[in-house]
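This report concerns only the one structure given below.
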Amino acid sequence: MAAAAVFALFATAGCGRGSGPSASDEINVLLVVIDTAGAEHMGYELPDLGHTPNIDRLARDGVLFTRAYSPAPWTQPAVASLFTSRMPSRHGVLRLFDVLDEEHTTMAEWFEERGFRTAGVISHMLLESRYGYAQGFESWDATPVGGHDAITSHAVTDRAIRWLDRHDRSAPFFLFVHYFDPHFAYWHHPEFRLTGDYRGPVRPGMGIWELREARERLGPEDLRYLVALYREEIAYTDHHIGRLLDHLRRRQLDGETLVIVTADHGEEFMRHGWIGHTRTLYDELLRVPFVMRLPGGPEGRVVETPVSLLDVLPTLMALAGEPADPAAEGRSLLPWLGAKAPAPAARELRAEVSFASRPEDPAALSQKTAFKTAWLRPDLKLIHDLVEDRFELYDRSTDPEELRDLSGAHPAEAELRAALLAWERTREARGVERPGLQPSPEELERLRALGYLR
Ligand SMILES: [Zn+2]
């Protein structure tokens, strides 16, 4: 019944080519998340590099959302928001060791209730099942988790392919595949060479804290090399995503599978004085790749209306013909998957980070402590640092890199502040303090190596 319900809807979603699936077709969902992949580093935004041909092809075959945003600048809150369509302060995963509560109905639970076979293949220790992300997944394969200095995309794809080969097609599937390689450490991949000749202090695989300690001394050549290494990791990941998509084709599943490729957040390379993520709410961290290919759906559509990771679950619900969940904080993107795209809309989004701010956190965390909220209008962005009670305002049309703070000098600031502060009051009313897991000494050591702690 579930598959029929989902696909009755897919058939009426306004399929552009007129060859959409019939109500009896089974439609599967493949959701790919690349950890730490900023939209500005994707091949379709850097055509001279062409280093992500597989994702670029998927965009040409489907719908590319060029202004897609994560509500948080690091893995745990972002993935929890993707899975629940709730902002971090609603689902409660705000800080290291917070657990996604059983009370939330996750995307996988929603699929499971509708008869889908559900599986996840992950490669990040912070998504291991004890943090609550495996809710609703029949199979949660964490075998590829290898830590910051392991290269895992090949293994992630192998494990996903292995699961697909065991899938017997008696029911549709929801497969979540998480890639980790672009996350530091940044390794050189000679077969996807973007680095060129370089002699300097940056080395492939360099420890994140060593890199951060050297950051003020890095010149433009060093940063170019560092970014090239990072993009080689994205290229390598794209290659293995390509293998997964090829496998879908070989198994003749691609015509009956909705494919979504996105990221949990991006990465910063000294544009705002830091290397990595978790500390700020600039677009280099929040703007993520977002591509959807729906069988029989539109091809080559580019959507500039702002969208959010929060929108994925409402979109799937709408595709299944189910009413919108009033508690969901995202919106269905179904109109953009129909025959005729709607006119661009002025969507407003929010973002937040509360990182490492518990009083019992080791003092060593202080460099990464961040308590910030942001209000994103298509033309302007207001960021509020809650620790320093300081605001920053950026004109997104003339200053997309957010380098010229207009706070105190823009006529629209009062309106944005009012919106942001009203939302902050609802956050405070709910309370953001929750007990988290107590990390073991080994866990602290692993997190140190990953750059979360020092
Ligand atoms: Zn992440």
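Counting starts at 1 for both ligands and their atoms, following the listed order. Owing to the predicted nature of the structure, the values given are computational and were not obtained by experimental measurement.
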- Task: Please list, chain by chain and in numerical order, all residues satisfying side chain to side chain contact (heavy atoms under 4.5 Å, CB included) with Thr66, sequence neighbours excluded.
- Result: Leu64, Val302, Glu304
- Message: Could you check, using the six-membered ring where one of them is a Trp, whether His124 and His183 have ring centers closer than 6.0 angstrom?
- Response: yes
- How many degrees, to 10°, between Asp35 OD2 and Thr75 OG1 as seen from the Zn ion (ligand 1)? 90°
- Do any of the N/O/S atoms of Thr36, backbone or side chain, fall under 2.8 Å from the Zn ion (ligand 1)? no
- Check ring-ring contact (aromatic ring centres under 6.0 Å, His included) between His272 and all other residues, then give those that pass, not counting sequence neighbours. Tyr282
- N/O/S from His265 sitting under 2.8 Å away from the Zn ion (ligand 1): yes
- Note on the structure: Restricting Asp264 to its N/O/S atoms, the closest one to the Zn ion (ligand 1) is OD2
- Item | Test of ring centre spacing under 6.0 Å for Phe137 and Phe174 | yes
